[in-house]
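I have placed the structure first, in the form of structure tokens, so that the comments after it can refer back to it.
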Amino acid sequence: MEHIVLQINEGIATIRMNRPDRLNAFNKTMALEMQECLDICAADPEVRAILITGNGKGFSAGQDLAELLSPDAPTMTQILSQHYNPVITRIRNLAKPVVAGVNGVAAGAGANIALCCDIVVAAGSASFIQAFSKIGLIPDSGGTFFLPRLIGWQKASALMMLGDKVGAIEAEKLGMVYKVFADEEFEENLKSLMTTLATMPTKALAFTKQALNNSFTNSYEQQLALEDKLQQQAALTIDYKEGVDAFIQKRKPLFKGE
Ligand code: T3D
């Protein structure tokens, strides 16, 4: 691939955006490659946890604004329907945990791709910017869906309208981020988090994700019924049997993602 490095090792797929001189801004090629990476991760049974992160000092600065000036620039409809929306849909539908490891600035669509992931962790020097209003656009890539659910309507509304830069510590306090790791310990902590996820009961995590995907739109009764259905499926997995056996035998479980 031209703008993304994909590595698969010990059950962990690392998708590293690699346009560091543009702060990993998305052009068409990178957006399509991101979709391809997510498809590979979904199809490969060896992959049990996915990390999306960036090379260099940025996570992603969102849409490559220079691309919009090129003679063959994609239209707005193409950018959303063919570049960003399929990325968001793939992340939310992937039956495996997806972590955003926000290593630096995450702006525009870059921020919202991070925020749609199952777990968002950030380096201390990272930041988040809903940059859209500063160039006369509205937040896209699911921002108007995920951000108010993460931090509440008022903060989301203000951040989207004002385009303030939110540092990692503040983002953690607001609920945008699960944890912040000091810059010098970021990669090590990410590795540890990913190893934990890749050795957990993958199917149970996928069912958890499916339940959460529906929890803000379902009624209370519908959500109880969904939990019932998914729990029955979880109870049929080999990992559930292993979890119970290991507990009774007072040993560490060896989950296989089956
Ligand atoms: O049509 C549509 O646009 C629809 C799609 C919308 C989705 C979106 O994502 S809209 C939002 C697009 N993103 C932005 O507006 C963010 C633009 N970037 C910035 O505001 C700043 O770069 C940052 C706040 C993110 C970081 O600032 P700073 O000071 O740390 O870095 P910098 O010096 O501004 O950037 C470093 C280089 O990256 C620089 O290039 P240079 O001068 O060294 O050659 C800069 O031009 C380049 N860069 C940063 N962001 C983008 C970019 N190049 C192209 N597109 C970018 N988005």
Side-chain angles (χ1 to χ4, degrees), residues 1-5 15-35 37-38 52-92 98 100-117 120 122-148 150-151 156-171 174 176-177 180 183 186:
M1 288 186 203
E2 193 182 339
H3 297 316
I4 292 188
V5 179
I15 300 174
R16 199 175 290 274
M17 294 175 279
N18 192 26
R19 301 186 76 214
D21 56 329
R22 302 285 92 189
L23 297 178
N24 301 318
F26 274 88
N27 60 11
K28 177 180 175 179
T29 304
M30 194 169 100
L32 297 183
E33 287 178 357
M34 177 64 79
Q35 293 172 31
C37 286
L38 292 164
I52 300 177
T53 190
N55 196 9
K57 74 182 179 95
F59 175 78
S60 170
Q63 173 60 38
D64 184 332
L65 298 176
E67 180 183 55
L68 303 176
L69 304 176
S70 72
D72 55 347
T75 64
M76 183 67 80
T77 305
Q78 284 170 332
I79 290 175
L80 296 195
S81 67
Q82 295 173 20
H83 301 182
Y84 298 119
N85 293 356
V87 169
I88 304 298
T89 309
R90 277 168 171 78
I91 292 172
R92 290 314 317 152
V98 183
V102 183
N103 53 300
V105 65
N112 292 338
I113 286 171
L115 296 179
C116 88
C117 290
V120 187
S125 62
S127 55
F128 296 79
I129 312 174
Q130 294 292 321
F132 308 88
S133 62
K134 299 204 166 160
I135 55 167
L137 289 178
I138 72 145
D140 58 27
S141 303
T144 58
F145 184 88
F146 295 107
L147 195 58
L150 289 167
I151 67 172
S157 172
L159 291 181
M160 287 177 173
M161 290 196 176
L162 297 168
D164 292 341
K165 181 174 179 173
V166 180
I169 302 286
E170 177 69 7
L174 287 171
M176 247 189 253
V177 162
V180 176
D183 284 1
F186 183 63

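Just follow the structure's listing: the first ligand is 1, and inside any ligand the first atom is 1.
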Residue list, side chain to side chain donor-acceptor pair (under 3.5 Å) with Asn55, at least two apart or on another chain: Asn18
Ser125: side chain to side chain donor-acceptor pair (under 3.5 Å) partners, not counting sequence neighbours: Asp183
Given Lys28, Arg19, His3, the one that forms side chain to side chain donor-acceptor pair (under 3.5 Å) with Asp64: Arg19
Check ligand 1 for close polar pairs with the protein: N or O on both sides, less than 3.5 Å.
from	atom 1	to	atom 2	distance (Å)
ligand 1	9 (O)	Gln63	N	2.9
ligand 1	9 (O)	Ala109	N	2.8
ligand 1	13 (N)	Ala61	O	2.9
ligand 1	40 (O)	Arg22	NH2	3.2
ligand 1	44 (O)	Arg22	NH2	2.7
ligand 1	55 (N)	Leu65	N	2.9
ligand 1	57 (N)	Ala61	O	3.2
ligand 1	57 (N)	Gln63	O	2.8

Close side-chain approach of Leu159 and Ile151, heavy atoms under 4.5 Å: yes
Using residues 128-139 as the side-chain source, report each donor-acceptor pair under 3.5 Å to any protein atom, sequence neighbours left out, with the distance given to one decimal.
from	atom 1	to	atom 2	distance (Å)
Gln130	OE1	Asn112	ND2	3.3
Gln130	NE2	Asn112	OD1	2.8
Ser133	OG	Met160	O	3.4
Ser133	OG	Met161	O	3.1
Lys134	NZ	Gly163	O	3.2

Gap between atom CG of Leu162 and atom OG of Ser157 - 0.5 Å precision: 8.5 Å
